[in-house]
Amino acid sequence: MNKISIIIPFQKYLHYLKECLQSLKESTYQDFEVLIVCDHVDETMQKEIRNLSDLSLRILSLEEKTGVAACRNEGLQQANGEYVYFLDSDDYILEDTLFHLVEHLNGQDVVYGTIRNTWNNKANFLDKLSKKEVDADDEAEKEQAQEEKIQNHLERFQNQDTDRMLAIYHTMVKRSGFQTITALSNLYKRQFLINHQISFDPNFRYFSDQIFLAQVLEKASSFQYEEEAWYIKRKHNDPINEPSLNQEESDTRFEERCLAVECARKLIDAQGPVRYYLDKKLIRYVTKTMIKRIRRSQDEKWRNEYFVRIQSTLLDTAPRVLDDLSAKQKRIILLMMKNDLKGVQKAIRWSFGKAKLKSIFANKNKNTLYKLAYYHRYLKMPIKENVVLFETFMAKNYSDSPKYIYEALNRMYPGKYECVWAINGKHDIPYGAKTIKRFSFQYAYYCAISKYLVFNVRQPLWFRKREGQVFLETWHGTPLKRLVFDQEEVTSASPKYKEQFYKQRKEWDYLVSANPFSSKTFRSCFMYEGKMLEYGYPRNDILYAPDKEERARRLKEKLGIPLDKKTILYAPTWRDDEHYGKGEYKFTLALDLKKMKTMLEKDYVLLLRTHHYIADKIDTTGLGGFAYNLSTYDDISEIYLITDICITDYSSVFFDFANLKRPILFYTYDIEKYKNQLRGFYIDMNTEVPGPLLYTSEEVIDAILHIDTIQNRYQKRYDDFYDRFCCFDDGHASENIVKEVFG
Ligand code: C2G
C-alpha cells in the first residue's frame, strides 16, 4: 500500500495536466499512487493522458455525476493510500512538498501546508522566486505581525484546543486572499474521512471545498502544520479560451456561494470557531467584492436578485461576528440585512468617495483625477464629428501608419478634420495639428469626444468606446513573434493581458493588415472579428514613392551621413525577459562595433536603431564617422530609404524593409532562447526568412563583405517572401484607408 493517494480530477487542458504530472515526477518523495479521475472524457483523450507521463497512473472515469466534487469522491472510493492529497489538474507542487508533508506525519488526521497563487508555470515561478529579494527586517516585521494575529485568534476562543485553532488560522484566516476555503494543500488520513463520512457534495460545482473543510476542521482530532509544503495554485492567463473554475462565467455561482455557507453551518457547531470564520469569510466577500459589483455592474442581477438572495444567508450570521465588525462593515451588513438597497448604495458611495479622495491626496494615484474627469464629465459631452485623435507607440514619436494616414487625410480633405496628436516632447508635425500630452486631462477629453481614433498600439485600459466613435487600429508590424492568444505564457505583460486584450480588440472597428498572412494571424492571435483593411501598411507607402532617391539624399544630408558611403542598418527588437520596469527594457549590444569599424569603414557606415521599449543608450565612443545612433529619430520608414543592407533579428522590421528588395541579414545570436523560452515564431526562421541567420559578429562582417553572393544565394527565397508578405503594399495604402474610413 502506498502512503499517499494523489487524486487529480480532470476535464480539460492537457497541457496543464502534463505540467502537473511532471511536478509529481520531480517530487523527492515518491511513495504515492496517482488517480486521475476523468470527468466524462472520451477514450482518445484518456489515451493521450497516458502518454503525458511515464508515472504509473490509475485512470478512472465518472459514470454519472459531473464536476470536481464527484471526481474527488470517486478518487476517495478507489484510493488505497493511508493518506489522500487532492491536486487539481492545472496546479502543481514543488519538489519537496510531499516530503515536507510526510516528514512529521505521526498518524495525524490532517497535515496542512501552504498555498501560493501564481500565473506562471513551474519554471517561471521558481525563476521569479529565486530573483525575489528578501529583506530580513521586513521578514522579521511580518513574522511579528503574524505572531500577534495568531495570539489574538487564540484568545478569541480560549476553550478550544490550540492545534485545532492553529489549523483554523492557517487554512481559513491567513489565506485571506481566498474568498472561500479550499481542501487543497492538505494531507488527509483516509480512515479519518471514512470514519466521519466526510466527502464532497457533488451538487456543488464551485463551493464543495467549503463544506468539506469546515467538517474536517470541526471533526479532526490531530493536526500538523508544514509551512514548507507548498501547493502552487495556478491562475489561467487565458480566461477567455481556457477559464479555470474560478474564472468561469456562471449564473449559479452566487446561489451556490450562499447555499454552501448555509449547508456548512448545519454541519458544525453554531458557537464554534469554524462557524465564526466561515461567517467572517462571507462578510468579507460581501463588503470587499459584492459591494463593488452592486456599485459598478451594469448587470442588474447584482442589485436585484443577488441583493435579495444574500439577505437570508446574512440574517443567520453568528452574533459574535457582527460584534467584531468595523463600523463601516457593520453599517453595510445591517443595511443589507434590512434589504435596504438605497441605504447600501449611499453608504458605499460615501466610503468609495472617501477612499478615492484619500488616494488623490496621498498622491498615490496621479491618474485618478483625469480619469475621474473622463468618466464623470467628458463622456457626457457630445462627440465632435470632425475631430480625429492620433497616437503612435504610446505617444513617443510621430511615425508609423498613423503618421501616413494623418498626412493623407490632410492632403485628401484639407481643412475638413480637426486633427489632434497625442505626443510627448517636441516633434515636427506638418498641417498644424494640435498636440497634447498622453495621460493628461486633454488626452482624456479627446479620448471621449473624438469621432475618430487612429492608434498603432492598444488604447488605454480605462478607455470606453462610445456609440458613434470609430476606432482605427493600425497595429505596428507583421507578426513573426507569437502574440496574445497564440502565446502560451505571457511573461512580459500583465497576467491579465489576454483578458484585457479581449475587451480592447472588441472596440476596434478597423484593423490594418499588411498581407494575407497578417489577416489570418490577427484573426487568431487577437481573436479579432471586425473589419480587416487589406491595403498594405500606410507606413510602407514611402518605400514606393517615385522620389524616394531624392528623399533619401535629403535625409542623409540632414543627419550628416556621408553620401559616398553605403549604409548598414542594425535594428533589433526587445527581449521579454530583460527589463528594468514597466515598458523599459535592457539591451546589450552583441555586435562587435569596433571590429565592424575596422573591417567595413572603407565602404560603409553603420546606422544603429534600438526598439522604442529600450531604455539603454548605445555607446558609440570611438566610433565617430562610422556608427550613427538613430534610435531617437522619429520614423524608421524614412531610415529604410537610406539603408543599403538591413540587419535585424526577430523584429517585424524585415517584413517592411523587404518592400525595397534590398539585402537583409539576421543576427540571431540568441535564437534558441527567443524561440523556445520567450515567444516562439509563426514562420520558420531557418527556411522562410529572406536572408541568412548569423550567430557571431565575424559572420555578420563576412556576410557584408560578400553581400552580392548572399543576395544571389537567397534570391529565390527573397522573391517568394516578397510575394507572400509584400503583396498588398503598392504605395497607396494610406489613401485607400482614408477613403474607406473617412470617405
Ligand atoms: N522598430 C523600430 N526600431 C527597432 C525595432 C522596431 O523602429 N529597432 C519599429 C518598426 O516599425 C517595427 C515596430 O517598431 O515594425 C515593431 O517592432 P518589433 O521589433 O516588431 O516588436 P514589437 O513592438 O514587439 O511588435 O506584429 C508585430 C509585433 O507586435 C511586434
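These values consider heavy atoms only, across backbone and side chains, with no hydrogens, waters or symmetry-generated copies. Every number for a ligand or one of its atoms is a count from 1 in the order of the listing.
- Under a cutoff of 6.0 Å and an axis angle of 45°, R575 and F587 do not form a cation-pi pair.
- Checked against a 3.5 angstrom limit, the closest N/O atoms of H612 and ligand 1 fall outside it.
- Between L608 and Y628, every side-chain heavy-atom pair lies at or beyond the 4.5 Å cut-off.
- In this pair, Y718 and F721 present their aromatic rings perpendicular. The plane angle is above 60°, beyond the 30 to 60° band.
- Close contacts between ligand 1 and R609 involve ligand atoms 2 (C), 3 (N), 7 (O), 8 (N) [criterion: under 4.0 Å to a heavy atom].
- Heavy-atom proximity to L483, at under 4.0 Å, picks out these atoms of ligand 1: 26 (O), 29 (O).
- The distance from ligand 1 to the heavy atoms of T573 drops below 4.0 Å at these ligand atoms: 18 (P), 19 (O), 21 (O).
- Of the protein's non-hydrogen atoms, the one nearest atom 27 (C) of ligand 1 is G477 O, 3.3 Å.
- Between the side chains of D644 and T567, at least one donor N or O lies within less than 3.5 Å of an accepting N or O.
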*Could you check E557 against R554 for salt bridge (Lys or Arg N to Asp or Glu O under 4.0 Å), going step by step and ending with a plain yes or no?*
CA-CA 5 Å; E557 276 176 0; R554 283 206 305 268; over 6 Å; no
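- The protein heavy atom nearest to atom 21 (O) of ligand 1 is K481 NZ, 3.0 Å.
- Looking at residues two or more places apart in sequence or on another chain, you find no side-chain hydrogen bond (donor to acceptor under 3.5 Å, both in side chains) involving R466.
- Numbered from 1 in the order shown, with element, the atoms of ligand 1 that lie under 4.0 Å from a heavy atom of F393 read 13 (C), 14 (O).
- Taking a 4.0 Å cut-off on heavy atoms, R539 registers as neighbouring ligand 1.
- Each of the atoms 12 (C), 13 (C), 15 (O), 16 (C), 23 (O), 25 (O), 29 (O) of ligand 1 lies under 4.0 Å from some heavy atom of H476.
- Checked by distance only, ligand 1 and S652 come closer than 3.5 Å through their nitrogen or oxygen atoms.
- In this comparison of F657, F587, W574, F522, the heavy atom closest to atom 24 (O) of ligand 1 sits on W574.
- Below 4.0 Å from some heavy atom of A571 lie the following atoms of ligand 1, by number and element: 8 (N).
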Throw together a table of side-chain donor-acceptor distances under 3.5 angstrom for residues 520-528, partners on residues two or more places apart or in other chains.
residue, atom, partner, partner atom, Å
T521, OG1, F517, O, 2.7
R523, NH1, Y528, O, 3.1
R523, NH1, G530, O, 2.9
R523, NH2, G530, O, 3.2
S524, OG, D486, OD2, 3.1
S524, OG, T521, O, 3.2
Y528, OH, D509, O, 3.3
Y528, OH, L511, N, 3.3
Y528, OH, K531, N, 3.0
Y528, OH, K531, O, 2.8

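- N540 CG to S401 OG: the interatomic distance, rounded to the nearest 0.5 Å, is 7.0 Å.
- What sits closest to atom 18 (P) of ligand 1 on the protein, heavy atoms only, is S651 OG, 3.5 Å.
- Of all the atoms in ligand 1, the ones that sit under 4.0 Å from a non-hydrogen atom of T610 are 3 (N), 4 (C), 8 (N).
- The existence of a salt bridge linking K595 and E698 is confirmed by a sub-4.0 Å separation between a basic side-chain nitrogen and an acidic carboxylate oxygen.
- Of all protein heavy atoms, the one closest to atom 23 (O) of ligand 1 is H611 NE2, 2.8 Å.
- Atom CD in E488 sits 8.5 Å away from atom CG in N237 (nearest 0.5 Å).
- Counting the atoms of ligand 1 from 1 in the order shown, those under 4.0 Å from a heavy atom of T478 are 26 (O), 27 (C).
- Considering only non-hydrogen atoms, atom 2 (C) of ligand 1 lies nearest to I636 out of I636, D400, D634.
- Only the side chain of W475 comes within 4.0 Å of ligand 1, counting heavy atoms alone; its backbone N, CA, C and O stay farther away.
- Y667 and Y669 have tilted rings, their planes meeting at an angle from 30° to 60° on a 0 to 90° scale.
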